[in-house]
Amino acid sequence: MADQIQLPRGTQDVLPADWRLRFRVLDTARRRFEAAGFGRISTPTFEHTELFHRGVGEATDIVGKETYTFTDRGDRSLTLRPEGTAGVSRAFVAGGLHREPLPVKLWYSMAMFRYEKPQAGRLREHEQLGCEVLGSERAAVDAEVIAVQAGIYRDLGLPDLVLHLNSVGSTDARTAYRAALVEYLTPFASELDADSQERLATNPLRILDSKDPRTREIVAGAPLLPAFLTDEDRAHFDRVQTLLAAAGIDAVVDPLLVRGLDYYTRTVWEFTSSALGAQSTVGAGGRYDGLVEQLGGPATPAVGFGTGIERIVLCLEALGQKSRTRPVDAYVGVAPDAGDAAWTRAFRITTQLRERGRAIELDLAGRSAKGQAKQASKLESSLRMLVDDLGARMFLRGDFDGSDLPSDVDAAIGQVDAQLVALATMPRPDAT
RNA sequence: GUGGCUGUAGCUCAGUCGGUAGAGCCCUCGGUUGUGGUCCGAGUGGUCGCGGGUUCGAGUCCCGUCAGCCACCCCA
């Protein structure tokens, strides 16, 4: 055998068994989004590199050191999307959605790419589910987006979730705060950890997030962002909290919460779960009132969130949850010593029952009669057919002889279908 | 990017002091059973992540490398 080709680092195959839980996540999200009036959107997997530089910010880790950037054969610089908001905002303008009744509500589920050191819950290619609402600065939009996100988690039954909430203020407030923070921190510059020293110049707000003990001591005495919020910012944030409370959603206000992307303004939040370990963020979001304009569109306030599907699945698995496959309605097998006529008959029965919407498993493995019976049981089929050259017999669970089906295929199918209807209205007999 | 732990069958793992690889599950077949559960038996399946080194001999010891995991970092 030739050498096996390994998975690229930080990627994964999603096998049928994995898809069962993922489908549940996607179905749940779709239901929640549609109930709230969201339409689905997809954007390209790669964009012009400039989109992320301008939109997300060159000083951010995600764009500064984690992108997959390449030059294509036409000498264009392209980047695999590391997050969803920039692309959706671009599409909002390019697709003329800004001329539709505002706000426009969009949801997506798309792969994201970040060159990071892989760990559980941290992949180089991962899938993010998320939404963006563009065209309204009302606090009700922030609260609605958070409520949809919380609703998805609640429907899925995610354990131990905590919503951390903060307001980073409007652009003016942030500029003023940033200046004050730099002024406070500069005398301590040599005592800060290396990363924070660098950020003093590039992205001082992120220093608030540092876990370095000495940096934290210094940060403890720093001016706090809430003091710099404008009256409008404060009123907006209060309103968001009031609405969340009205929706029965608990939130912990965390004045040190700062998000890693440059475009956030005002409300920012993060859902964490103790089930996840170090990568504890299940999903996070925020308002980004300046982004669309920065990308060349009309001034458009907006809010959104993203949540990692793999991390949700990890939470569900921590609960010991496994999703079951749909039980098959009937199992069709061909008698081991039968010939082509029997296979043709079995194939007709199978395809025609499927036309009626039945889930039918045809024994393509050519199992023994006993093997067929075992397999039918494993698939939770309570009805089984054994087809030979002359006709077919139908067995119910525990049935010894089976009953002969009409040799006419259409009549046989009608009889099987009627039996399935009858079984559906009866309690399923338990295996003994 | 920094530090640490771990890589043996499709899965979960055992493998002693270095002596040419095992179990359970899964899958297929057979037996038992008023026949699809139970139980019993058989079979399929592995260059021990990969590459070097030490040795008469390496799954086992050493070095490198790749990958996963944990913490940092970052974040969903």
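Here is how names work: the chains are called A, B, and so on, in the same order as the sequence lines, proteins then strands, and each is numbered from 1. What's counted below: heavy atoms across the whole structure, side chains too, no hydrogens, waters or symmetry copies.
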Practice item. Select base, sugar-phosphate, or nothing to describe what A/Leu396 touches, counting heavy atoms under 4.0 Å on all strands. Key: base
Review point. If you measure from the C1' atom in B/C26 to the same atom in B/U12, how many Å do you get, rounded?
Key: 11 Å
Exercise for review: Under 4.0 Å between any heavy atoms, over every strand shown, what does A/Glu66 touch: base, sugar-phosphate, or nothing? Just pick one.
Suggested key: sugar-phosphate
Point to revise | Separation of the C1' atoms in B/G53 and B/A9, to the nearest angstrom | key: 28 Å
Can you give the donor-acceptor pairs under 3.5 Å from side chains of residues 111-121 of chain A to other protein atoms, not counting sequence neighbours?
from     : atom 1 : to       : atom 2 : distance (Å)
A/Arg114 : NE     : A/Pro82  : O      : 2.8
A/Arg114 : NH2    : A/Pro82  : O      : 3.0
A/Gln119 : OE1    : A/Arg122 : NH2    : 3.3
A/Gln119 : NE2    : A/Gln279 : OE1    : 3.3

Practice item. Between B/G49 and B/C56, how far apart are the P atoms? Round to whole Å, please. Key: 25 Å
Review point. Say you pick atom C1' in B/G64 and the same atom in B/A21; how far apart are they, in whole Å?
Key: 26 Å
Check your understanding: Contact class for A/Ala120 (heavy atom, under 4.0 Å): base, sugar-phosphate, or nothing?
Key -> sugar-phosphate
Review point. Which sits closer to the 5' end of RNA chain B, A/Leu7 or A/Ser368, going by the nucleotide each is nearest to?
Key: A/Ser368
Exercise for review: Report the nucleotide, chosen from B/C74, B/C70, B/G36, that has the shortest atom-to-atom distance to any side-chain atom of A/Glu116.
Suggested key: B/C74
Practice item. For B/G22 versus B/G46, give the span between their P atoms, rounded off to a whole number of Å. Key: 14 Å
Exercise for review: Using only heavy-atom distances, determine whether the side chains of A/Glu132 and A/Tyr288 contain a donor-acceptor pair under 3.5 Å.
Suggested key: yes
Point to revise | Partner residues of A/Glu127 under the salt bridge (charged side-chain N to carboxylate O under 4.0 Å, His left out) criterion, sequence neighbours left out | key: none
Check your understanding: Does A/Ala284 or A/Pro8 map to a spot on RNA chain B nearer the 5' end, using the closest nucleotide for each?
Key -> A/Pro8
Check your understanding: Quick one: stems for RNA chain B, with Watson-Crick or G-U pairs under 3.5 Å, at least three in a row?
Key -> B:1-7 with B:66-72, B:10-13 with B:22-25, B:27-31 with B:39-43, B:49-53 with B:61-65
**Study point:** Check: A/Thr28/A/Asp155 side-chain N/O donor and acceptor closer than 3.5 Å
**Key:** no
Practice item. May I have the distance from A/Glu198 (atom CD) to B/G1 (atom P), rounded to whole angstrom? Key: 16 Å
Practice item. Determine whether the side chains of A/Ser273 and A/Asp160 contain a donor N or O and an acceptor N or O closer than 3.5 Å. Key: no
Exercise for review: Answer with base, sugar-phosphate or nothing: what part of the nucleic acid does A/Ile62 contact at a heavy-atom distance below 4.0 Å?
Suggested key: sugar-phosphate
Review point. With a non-hydrogen cut-off below 4.0 angstrom, is A/Thr281 in contact with a base, only sugar-phosphate, or nothing?
Key: base
Practice item. For A/Gln375, enumerate each residue passing the side chain to side chain donor-acceptor pair (under 3.5 Å) test, keeping only those at least two apart in sequence or located in another chain. Key: none
Check your understanding: Which whole-number value in Å describes the distance from A/Asp13 CG to B/G68 P?
Key -> 12 Å
Check your understanding: When you compare B/G45 with B/G10, how far apart are their C1' atoms, in angstrom units rounded to a whole number?
Key -> 9 Å
Review point. Is A/Gly130 touching bases, backbone alone, or none of the nucleic acid, heavy atoms closer than 4.0 Å?
Key: nothing
Check your understanding: Can you find an N or O donor on one side and an acceptor on the other, under 3.5 Å apart, linking the side chain of A/Lys374 with the base of B/U28?
Key -> no
Practice item. Using the C1' atom on both, measure B/C63 against B/G24 and round to a whole Å. Key: 36 Å
Review point. Just checking, any donor-acceptor pair under 3.5 angstrom between side chains of A/Thr272 and A/His164?
Key: yes
Side-chain donor-acceptor pairs of residues 64-71 of chain A under 3.5 Å, sequence neighbours excluded:
from    : atom 1 : to      : atom 2 : distance (Å)
A/Thr67 : OG1    : A/Thr69 : OG1    : 3.3
A/Thr69 : OG1    : A/Thr79 : OG1    : 2.8

Practice item. Identify, with sequence neighbours excluded, every residue that meets side chain to side chain contact (heavy atoms under 4.5 Å, CB included) alongside A/Val253. Key: A/Phe237, A/Gln241
Practice item. Identify whether any heavy atom of A/Gly10 sits under 4.0 Å from a base atom; if not, whether one sits that close to sugar-phosphate; answer base, sugar-phosphate or nothing. Key: sugar-phosphate
**Study point:** Closest to the A/Arg206 side chain, choosing from B/A71, B/C74, B/C27
**Key:** B/C74
Check your understanding: Just by distance, with hydrogens left out, do A/Gln128 and A/Glu83 show a side-chain donor and acceptor under 3.5 Å apart?
Key -> no
Practice item. Return the value, rounded to whole Å, for the distance between atom CZ of A/Arg199 and atom P of B/C73. Key: 9 Å
Point to revise | A/Gln372 CD to B/U28 C1', straight-line distance once rounded to whole Å | key: 13 Å
Exercise for review: Round to a whole Å and report the spacing from CZ of A/Arg124 to C1' of B/A67.
Suggested key: 11 Å
Exercise for review: Could you check whether A/Lys370 gets within reach of a base, just the sugar-phosphate, or nothing at all, counting any heavy atom under 4.0 Å?
Suggested key: base
**Study point:** Under 3.5 Å donor-acceptor pair, A/Arg122 side-chain atoms to B/C73 base atoms
**Key:** yes
Exercise for review: Remember a base hit wins even if backbone is also touched, and classify A/Phe395 as base, sugar-phosphate or nothing at under 4.0 Å, heavy atoms.
Suggested key: base
Exercise for review: Would you mind telling me which of B/C74, B/C75, B/C27 lies closest to the side-chain atoms of A/Asp61?
Suggested key: B/C74
Review point. For the ring pair A/Phe38 and A/Trp107, is the centre-to-centre distance below 6.0 Å?
Key: no
Study note, to complete from the structure: Winner on side-chain proximity to A/Arg367, out of B/G36, B/C73, B/U28, is B/U28
**Study point:** Under 3.5 Å donor-acceptor pair, A/Arg311 side-chain atoms to B/C75 base atoms
**Key:** yes
Practice item. Find the distance A/Gln12:CD to B/G68:P and express it as a whole number of Å. Key: 11 Å
Practice item. Go through B/G36, B/G68, B/C75 for me and flag the one nearest to the A/Arg9 side chain. Key: B/G68
Practice item. Classify the nucleic acid contact of A/Gln6 as base, sugar-phosphate or nothing, counting any heavy atom under 4.0 Å across all strands shown. Key: nothing
Check your understanding: Can you tell me how far P in B/A42 sits from the matching atom in B/C48, rounded to whole Å?
Key -> 26 Å
Check your understanding: Separation of A/His126 atom NE2 from B/C75 atom C1', in whole Å?
Key -> 8 Å
Check your understanding: Does any N or O donor sit under 3.5 Å from an N or O acceptor when you compare the side chain of A/Lys117 with the base of B/G68?
Key -> no
Exercise for review: Describe the nucleic acid contact of A/Arg393 in one word from base, sugar-phosphate, nothing, applying a heavy-atom distance below 4.0 Å.
Suggested key: nothing
Exercise for review: For A/Glu317 and B/C11, give me the distance from atom CD to atom C1', rounded to whole Å.
Suggested key: 14 Å
